[in-house]
Number of protein chains: 2
Amino acid sequence: MQYPYKNKVQKAVSNASTQIACSSCNLREFCLPADFTADEVRQLDQLTSIKRAYRRGDYLYRSGSKFESLYAIRTGFFKTQVLHEDGREQVTGFQMPGEIIGLDAISTDIHSCDAVALEDSEICELPFDKLEELSRQLPTLQRHLHKIMSREIVRDQGIMLLLGSMRAEERLAAFLLNLSQRFAARGYSSTAFRLRMTRQEIGSYLGLKLETISRTLSYFQENKLIEVNNKSIELLDLPHLRRLVGQERGVPL
Amino acid sequence: MQYPYKNKVQKAVSNASTQIACSSCNLREFCLPADFTADEVRQLDQLTSIKRAYRRGDYLYRSGSKFESLYAIRTGFFKTQVLHEDGREQVTGFQMPGEIIGLDAISTDIHSCDAVALEDSEICELPFDKLEELSRQLPTLQRHLHKIMSREIVRDQGIMLLLGSMRAEERLAAFLLNLSQRFAARGYSSTAFRLRMTRQEIGSYLGLKLETISRTLSYFQENKLIEVNNKSIELLDLPHLRRLVGQERGVPL
DNA sequence: CATGGATTTTGACCTATATCAAACGCATTT
DNA sequence: AAATGCGTTTGATATAGGTCAAAATCCATG
């Protein structure tokens, strides 16, 4: 299994854009406001017609590329990362179905990070100028768009707290619990799932080295908090993991 | 000098709200889009009429309080911070005139962080529902609002990079250069300014302890990069400071 | 202008995590 | 079936930054 991140340039698998309307999308509740009327959804269907498939390792967009659209993930898994001139990279997030990425680019009309597929994925492209136009007509949509952006700001604050003041164990526990909760919200198991990213990528996201991730996972396993087997993970003691997060000095195992 | 952060509850100094129109505000270029027409500015004047004064240590809003408005800083200096149950706090930003805060609260209608005045300040309150309404009529304003939110997301990404992968020296250099650049943009000296925050607050923001901030400042001073005297600071070697940021292994002094 | 709490500096020591290195496992290719 | 190549695990050691403590300085206020 080679992980062809660095090289892939093609924008997407050639398969032509399919038509799956928002109105018939099972992720609707994630992308769209709950109180959207059928009529409003229909209007949105007009502009969100472009669906695309991406292969593992493909870039959805790159830092520096021109901003055109936001992207809603329909299936699959992505990571976003910012790069520093000197080659250092920082993973800024892992995104799953129903989540919307590309918000960073609105500010300058240039993407400020990369988005890379961690597995074969399908996305739904939302041309931003049309989105803005439509949101002038639909206050519900306008408010929703604002909420999505604000939610991202709040998420980022949480990561700052994590990076700025948590120890390795806490960071990893918080990370696992966050995945757990997001899988649960999508109807998947909250206790058993497959990590789509490498230890290296988890480490980058959490401001730790891959060895520390590996060791901490082993340590959790020794203490029966989790069961890891390479990329598959099972959370055995959610309450304990929760207690681990937000203990100034850690909680005895 | 006691820093009465924790205790102060009153919302603002009693002085009644003054009327200073956007049209006559010298910070207009920061808050508003450059290409706003005189007529558009006049429309905005309607809703941004509420100005308030805050004293050092006053809270502009608190985590958990209801969201009503965004706030544009007219004069003064603020910090925003998130708190963890266990009492840990993380400073998420320092804001200066022309910057807009409160964006985090749009997501849930509840503020997710505190905003505290670091010196006596004046703010300009922007009721959000009116802002949304007006931005449906003025595409320029709509776009501007989106850009402001997106800019915040990009800023946060930068802090994640800093917290996740920079060493103490780099973090502090990046911090000083960032302040420098923002002061310069406002017509103040880019090389000599007064820090409005304590070492503790800088440390919290940068994910370091106050002792580390103090030591690193002393170290910079020994090496003639800066001249510090308590809260006043002079940047003596901007190019060197810049080189310091973004060196994987640091740059020899 | 003296007082006292807050902030800053500096030193000595400690620890969490990084670094370096080796071995291992699993999937893919030959 | 052997070879190749990532990714992962684990061990030994190093170090950046944390912790604890004391002294120095600042500055708001009575």
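It should be emphasised that the depicted structure is a prediction, and the values quoted were computed from it without experimental measurement. Lettering of chains follows the sequences in order, A, B, ..., and the numbering in each one begins at 1. Heavy-atom basis, side chains included; hydrogens, waters and symmetry copies ignored.
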Atom-to-atom span, CG of B:L206 to C1' of D:dG18 - whole angstrom: 15 Å
message: If only side-chain N and O atoms count, and only distance matters, is there a donor-acceptor pair under 3.5 Å linking A:T80 with A:Q95?
response: yes
- request: Determine: side-chain N/O of B:K231 to OP1/OP2 of C:dT8, distance under 4.0 Å, yes or no.
  value: yes
query: Could you state the CG-P distance from B:L210 to D:dA21, rounded to the nearest angstrom?
result: 15 Å
- request: Let me know, please, whether A:E211 or A:A168 comes out on the 5' side of the other along DNA chain C by nearest nucleotide.
  value: A:A168
statement: Partner of A:I233 under side chain to side chain contact (heavy atoms under 4.5 Å, CB included), picked from A:L179, A:T191, A:L195, is A:L195
- request: Check every atom of D:dG17, D:dA28, D:dC27 against the side chain of B:R56 and return the nucleotide holding the closest atom.
  value: D:dA28
message: Heavy atoms only, 4.0 Å cut-off, all strands: where does B:G207 land among base, sugar-phosphate and nothing?
response: sugar-phosphate
task: Starting from C1' on C:dA16, measure out to CG on B:L208 and report it in whole angstrom.
output: 15 Å
- prompt: Considering the options A:R55, A:R196, A:K231, A:R56, which one meets the salt bridge (Lys or Arg N to Asp or Glu O under 4.0 Å) requirement together with A:E119?
  reply: A:R196
- line: Taken to the nearest whole Å, CG/A:N229 to C1'/D:dG7 is 14 Å
task: Establish, with yes or no, whether the OP1 or OP2 oxygen of D:dG17 is under 4.0 angstrom from a side-chain nitrogen or oxygen of B:R215.
output: no
field: Distance test, side-chain N/O of A:T212 to OP1/OP2 of C:dA18, below 4.0 Å
entry: yes
- line: Of all heavy-atom pairs linking A:I153 and B:E152, the shortest is CD1-CG, 3.7 Å
field: B:L162 CG to D:dG17 P, straight-line distance once rounded to whole Å
entry: 12 Å
message: I need the NZ-P distance between A:K209 and D:dT13, as an integer number of Å.
response: 22 Å
query: Can you tell me if the side-chain N/O atoms of A:S218 get under 4.0 Å from OP1 or OP2 in D:dT10?
result: yes
- prompt: In whole Å, what is the span from the CD atom of B:Q221 to the P atom of C:dT9?
  reply: 9 Å
- request: Measure from CD on B:E222 to P on C:dG11 and round the result to the nearest Å.
  value: 9 Å
message: Both A:N230 and B:R199 contact DNA chain C. Taking the nearest nucleotide for each, which residue is further toward the 5' end?
response: B:R199
message: Would you say A:Q157 and B:T92 are linked by a side-chain donor-acceptor pair, where the criterion is simply a distance under 3.5 Å?
response: no
